[in-house]
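First up is the structure itself, then whatever we jot down about it.
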Amino acid sequence: MELSKTYNPKEYESKIYDLWEQNKVFEPSKEGRPFSMVFPPPNANGNLHIGHAFTLAIQDIAARYARLKGDSVLFVPGADHAGFETQVVYERLLEKEGKSRFDFSREELYSQIYDYVNANKNNTENQLKKLGASFDWSKHVFSLDKKVVDSAYKRFKKMWDDKLIYRGERLVNFCTLHGTAFADIEVEYKEEQGHLWYVNYPVNGADENIVVATTRPETLLGDTAVAVNPNDKRYSKLINKTVTLPLTGREVPIIADDFVDPDFGTGAVKITPAHDPNDFEAASRHSLPMISVIDFMGNITHEMPEKYRGLDVLTARNKVLKDLKDQGFLSKTEDYTHSVGHCYKCKTIIQPLLKEQWFIDMKPLAKKAVEVLRDNKIVFYPESKKTQLINYLNQLRDWNISRQISWGIPIPAFQNTENPDDWIFDSRVEQELIETDNKTYKRDPDVFDTWFSSSSWPYVATDYPDSDLFKKYYPLSLMDTGGEILFPWVSRMIMLGLYETGEIPFKEVYIHGYVMAEDGAKMSKSLGNVINPIDVVDEYGSDALRMGMIAGRVPGVNRGYDPRKVEDARNFCNKLWNIARFSQDKISSYIKNPKPKTMADNWIIGKLDELEKNLAKDMDRYGFAEGHEKLYHFIWDDLADWYVEASKSQSDGSILAYVLVQSLKLLHPYAPFVTEAIWQSLKPVHESEILGRAKISTIIEFDRAKSKKFETVKDLIVEIRNISNTMKLTKRRLVVKPSQIDKESEELIKKLARVGEILDKSFEEEIQLTNTDIIASLEVSREVLNGYLSDLKSKISESKKIKSGLEGRLKNRAYIEKAPEKLVKETRDSLVSINKSLELLEGELTKFKS
RNA sequence: GGGCGGUUAGCUCAGUUGGCUAGAGCGCCUCGUUUACACCGAGGAAGUCGGGGGUUCGAGUCCCUUACCGCCCACCA
């Protein structure tokens, strides 16, 4: 096959992906140690972003490297229905048509969104294929697949039976625009400029006021107490008295509770149980009534005094303030900065509202998770993420799993129409009403939080509990995700995995940082700095994007996207391509274990051996960037710049073929497309039809002495090039004793250092070479030699500096005694060789003096 | 308030348990078209590793302290 001058990814990538799929390259092999991963399921509703591409790059490299090693690799793709997210996207579409979710029933909306998602699902899958994802597509899991839904029901039932699930009227984080509650972790807090208003509450039976400070004066309509610290002497005589609530005239008690900070505000705090989590807890402790002031639309409820009813929160606040002022209750106003929770989608202020919801008691689940983490049952990269996770788990509150949206898995719970406290579990969720024991039950209209189902991913994807898949591949080998879902996803997979299967869900966790925009800011549509990975693939190729993102990145740290790295990676692919182009003519047939003959042969085999071993070390600890750098420099520097050049004078191409074949294997995880494209064009040269299925092999034997000799000649060549370039030598004649150098070295020097002649005689004007053990010199003119003087002087002073450094160290007795013996020996050797070259250099200097 | 990360060449970043002359890519300068590649080749310049102190024979690496940048969590009447 004729290869074009530059590698054109577009010409090959989709064909190669088809080739892999048709040959079922990504199915787990029967033999080999199990290695398993699930890909964090992207939302089924849209396009992949750069973060997906990065996650995929990491995992795909790990998967392909495992296959290369001979592991049996299970790599499972998936898609998430992303309940709330997707419904928001769909509502935006409806909005464009002038409609809203209120125009449809729950069932209608669900089926519309289902059709919409189905139409978009292929899009995401095709993009993943473009990125080279080596998934076993036959194992694909969608989070609304029957097995996921069944598992959610089973788990809900089990938790219900274990009394881990409870239904309760609790404060939930409610977005009044979207009309749904959120988990604590979904609320976004932001610092905001506000005010602290001081309000007088007249104490009954005493001629005084108790002053409370508040940022939300409208909520005083729902106050059911005033609290002070029990040890606060200022207020001790008022405890158990009552106050008359301004504007409502209601009488509420003054209570004592430890949670009140005497130093904040006035040390007295109004208690509004229906709209503040602390107040809610205090009210529970003191059995106080809870009065809702704000409804689920964000307006003042009908239980409130008539003049405020139906007003939105802000209008109500202003009216309350005016009334307080007019009636003399407002004592003062201060500016105050505090943090306010917002809906992470629409930025509406989150209202803590009282609502009946399903909650999971997290304490026992978190406790088990902390135990396995403390026992180091799961290895984290970077390790610091484990500590962060433990801290998070230790302060975890109960999890609200009810969502008031249509798009999701219906909660399989039914309420007795006659008795609101009678709830039963039943999976007949397609019916709104069911009959059991002659009683009628009505389905809970809510759906599960998406994370409730996605947290079962590791064991659902492997078909827990009885499948062979589960037995072989669970716990998963590696879980890689971005830092942003360490808490919402990783933590819950650990807790639920332990709860349901009794085992950890994965053995290792790799947390990668975000791919930021070039300037280090977060990528976001509103800033217009988003990089679309598919555009990059179209321009530079899939391999280039992968390697460009991986290069120089460490786990857990956010870094900007660097287009220069992608471009460099594209060039690298082209370099490899051209090595193959060059090799094509040189190699004819496949020899499994060729014999290295020349110095260069032995040297490159030595380098290849070193590469394979070091790469294994890097990959064992998921050092993706380090591995990449080693491959890059081996292929570009050692193979292309030295071996290919040296081998141009060789007729036997068997070692070139061997090294190329092994290099393709080792690079394949990082650059699957270009390596496979080359592999396919080199058909007669290797044992395996498809590179994606090739296995790593032990590198053939080589002669270390010959390899070392090549290294010396290489150093000599570099020195000749250096002097020739800086001194601008046009004609290069090298003087060296025949005993110093053999025929093979001579050829290499002539060819690679562009030396015209190698002679066994002295010239009047010469520059002595000092970097190797070979005594040699370059013939130069008097003029050049004079110009060399300053170079020579700086070389000498540099060598002297090094020399004195080495001597200083060796004079230090403590160094000799305490430093490792090997190091001291190395220092002595260095000193010997620096002395030798210094001697030569100083000898040169005498030429100028004479 | 608590926790975490970053600060190394003009730019973007590596630097694994302390070890010798601190690296890479890009950019920059000089030269170059020699039977793969200009998405190229050869050579070169460029860093007192944020500041200060300490431990050590030896510190970019460990400890203390300080400055700046960024992230996360909790509370906020």
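Numbers restart at 1 for each chain; the letters A, B, ... are given by sequence-line order, proteins then strands.
- Using a 4.0 Å heavy-atom distance criterion, A/R621 is classed as a base contact.
- One finds a side-chain N or O of A/N722 lying less than 4.0 angstrom from the OP1 or OP2 phosphate oxygen of B/rG44.
- Counting non-hydrogen atoms under 4.0 angstrom, A/A625 reaches nothing in the nucleic acid.
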For nucleotides 22-30 of chain B, read 5' to 3', which letter fits each nucleotide if B means a protein heavy atom sits under 4.0 Å from the base, S means only the sugar-phosphate is that close, and - means neither?
--SBB---S

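- In this structure, the ring pair (Phe, Tyr, Trp, His ring centres under 6.0 Å) partners of A/W577, at least two apart in sequence or on a different chain, are A/Y7, A/Y12.
- Scanning for ring pair (Phe, Tyr, Trp, His ring centres under 6.0 Å) contacts around A/Y510 gives A/F624, with sequence neighbours left out.
- The side chain of A/K575 contributes an N or O atom lying less than 4.0 Å from OP1 or OP2 of B/rG41.
- At whole-Å resolution of the value, CD in A/Q650 and P in B/rU35 are 18 Å apart.
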What nitrogen or oxygen pairs link the protein and nucleotides 68-75 of chain B at under 3.5 Å?
unit_1	atom_1	unit_2	atom_2	d
B/rC75	O3'	A/N278	ND2	3.2

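- Proximity of A/R581 to the phosphate of B/rC37: a side-chain N or O atom is located under 4.0 Å from OP1 or OP2.
- At the heavy-atom level, A/V554 lies under 4.0 Å from the strands shown only through sugar-phosphate atoms.
- When heavy atoms are screened at a 4.0 angstrom cut-off, A/K801 is found touching no nucleic acid atom at all.
- For A/D538, the side-chain hydrogen bond (donor to acceptor under 3.5 Å, both in side chains) test picks out A/K130, with sequence neighbours left out.
- A donor-acceptor contact shorter than 3.5 Å links the side chain of A/R721 to the backbone of A/L752.
- Qualifying salt bridge (Lys or Arg N to Asp or Glu O under 4.0 Å) partners for A/K750, counting only residues two or more places apart in sequence or in other chains: none.
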